[in-house]
Amino acid sequence: MSREEINFLVSGYVSGTVPDYQMAAFAMAVYFRGMTGQETLDLTRALERSGETISLDEIPGIKVDKHSTGGVGDTTTLVLAPLVAAAGVPVAKISGRGLGHTGGTLDKLEAIPGFTTNLSFEAMIRAVKNYGVALVGQSRDLVPADRKLYALRDVTATADSLPLIAASIMSKKLAAGADALVLDVKTGDGAFLKDPEEAFALARTMVKIGSGAGRETVAIITGMEQPLGKAIGNALEVEEAILTLQGRGPADLEELCLVLGSYMLLLARKVSTPEQGRKRLKALLTSGAALQKFKELISSQGGDPAVVDNRLLLPQAEYRYPVRAPAGGFVSSIRAEIIGRAAMKLGAGRVSRESRIDPAAGIVLRKKIGDRVSRGEELAVIAGGTVPISSARETVSRGVRDAFIIKSEPPQSEPLVRGYVDQFGEKHY
Ligand code: URA
Ligand code: CA
């Protein structure tokens, strides 16, 4: 299709002259036949320009954004945003809410008493100019064509199409205005792309869109064989983020933040190699500068920064209940999606868009892949309040217990980072 044809289709779809059934036929054709690189880029740009776009030009420096294809217990943004901001990279980030079994950064931040993510884009830009970082929700209509198309794909079994996924994600990132972009593309049981080669393919498609649109983009392929870190749930993840910013967080979460952060510093031209970036970021964790930046972020957005030094100021669960190992052995996997669903049932996530979140609810893993367990030992602790403890005890704890796959032999260890796709679209393992 020519660029003109794609523009005609997308603008007609938004204005209503192209009906759903025509767009559904188009989506199904793409699902079966794919799109060329040029078509994918043209579709992305047509979506991007279907509504308002943000300009961050007023903020000095190279603005680098990060996007993750979504995981369970993914506390990364809470750590990464203040961490790279402390290194002098301006972060103006638009985040989303959780739906279904995956959590959302906005819900996590709102577990901090007083914190608001409801800033206008003008206020976001002001905050970044003053403090170097802002994390906000989408207050106006960015990329309306994607919202409409995504809903249509969902009900026509065409969601699972590589060019459509890439265009959907990248249109929103381009509209958000950053100069450069680091993508975290998840693979493994807990990710929506289970096969690493598929994850690499999506990564390459997105990197080429980014470069084609004049935004330097790299993608890191990372494993989601288990939830990230130990905490799943909003206030629990704020606590985990604070620990990580103190250099005392779970190893996998810290590692992912250092990897993604070092590429953000590289694209922002703050360092000339990822290794230098990692060293710089490590130093900011050790010195307390990253934690200090998190405090500034919290108070700049109306929250109580005292939570950083006193976790009891965060919402507290009414009950905590242990889940114990039915047998001894080694943890060989922790089904992330099942854990995510269990956390959602406890009130950490939304069953529907209208559900109310219990900020204190969630799950803390006591064991991770590779750990040895004996029968009766704690695998995890469930925390809740809005769901009666009787039903949490029965249904949720059974789900969490079944999510742990325990074998007699230790599992082969897989690295968190499977490889990356550089700004030219080349794969590296
Ligand atoms: N995330 C998106 O925003 N769009 C998709 O199509 C898939 C994941
Ligand atoms: Ca976590």
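When a ligand or atom number is given, it counts from 1 through the structure's own listing order. All values below were derived from every heavy atom in this structure, side-chain atoms included, with hydrogens, water molecules and symmetry-related copies excluded. Along the sequence shown, the residues carry numbers beginning at 1.
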**Asked** Looking at Tyr13 versus Phe26, is the centre-to-centre ring distance below 6.0 Å?
**Response**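 No, the ring of Tyr13 stays outside the 6.0 Å limit from the ring of Phe26, centre to centre.
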Residues [X] and [Y] bridged, charged N to O under 4.0 Å:
{"X": "Arg97", "Y": "Glu110", "answer": "yes"}
{"X": "Asp65", "Y": "Lys63", "answer": "no"}
{"X": "Glu225", "Y": "Arg418", "answer": "yes"}
{"X": "Asp309", "Y": "Lys295", "answer": "yes"}
{"X": "Lys108", "Y": "Glu240", "answer": "no"}

For [atom], grab the closest protein heavy atom and report residue, atom and distance to one decimal in Å.
{"atom": "atom 3 (O) of ligand 1", "value": "Lys172 NZ, 2.5 Å"}
{"atom": "atom 6 (O) of ligand 1", "value": "Arg153 NH2, 2.8 Å"}
{"atom": "atom 4 (N) of ligand 1", "value": "Ser168 OG, 2.6 Å"}
{"atom": "atom 8 (C) of ligand 1", "value": "Tyr150 OH, 3.7 Å"}
{"atom": "atom 1 (N) of ligand 1", "value": "Ile169 CG1, 3.7 Å"}

Short check: any N/O/S atom of [X] below 3.0 Å from the Ca ion (ligand 2)?
{"X": "Lys230", "result": "no"}
{"X": "Leu228", "result": "yes"}
{"X": "Ile232", "result": "no"}

**Prompt:** With a cut-off of under 6.0 Å to the ring centre and 45° to the axis, is Lys367 in cation-pi contact with Phe404?
**Reply:**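 So Lys367 doesn't make the cation-pi contact.
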**Asked** Between the side chains of Asn118 and Thr116, is a donor N or O closer than 3.5 angstrom to an acceptor N or O?
**Response** no
**Metal-centred angle, the Ca ion (ligand 2) as apex - OG1 of Thr75, O of Gly73, 10° resolution** =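 Between OG1 of Thr75 and O of Gly73, the angle at the Ca ion (ligand 2) is about 80°.
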**Asked** Within the structure, does Asp146 bring an N/O atom to less than 3.5 angstrom of an N/O atom in ligand 1?
**Response** no
**Message:** Nearest N/O/S atom of Glu240 with respect to the Ca ion (ligand 2), by atom name, please.
**Reply:**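 For Glu240, the N, O or S atom at the smallest distance from the Ca ion (ligand 2) is OE1.
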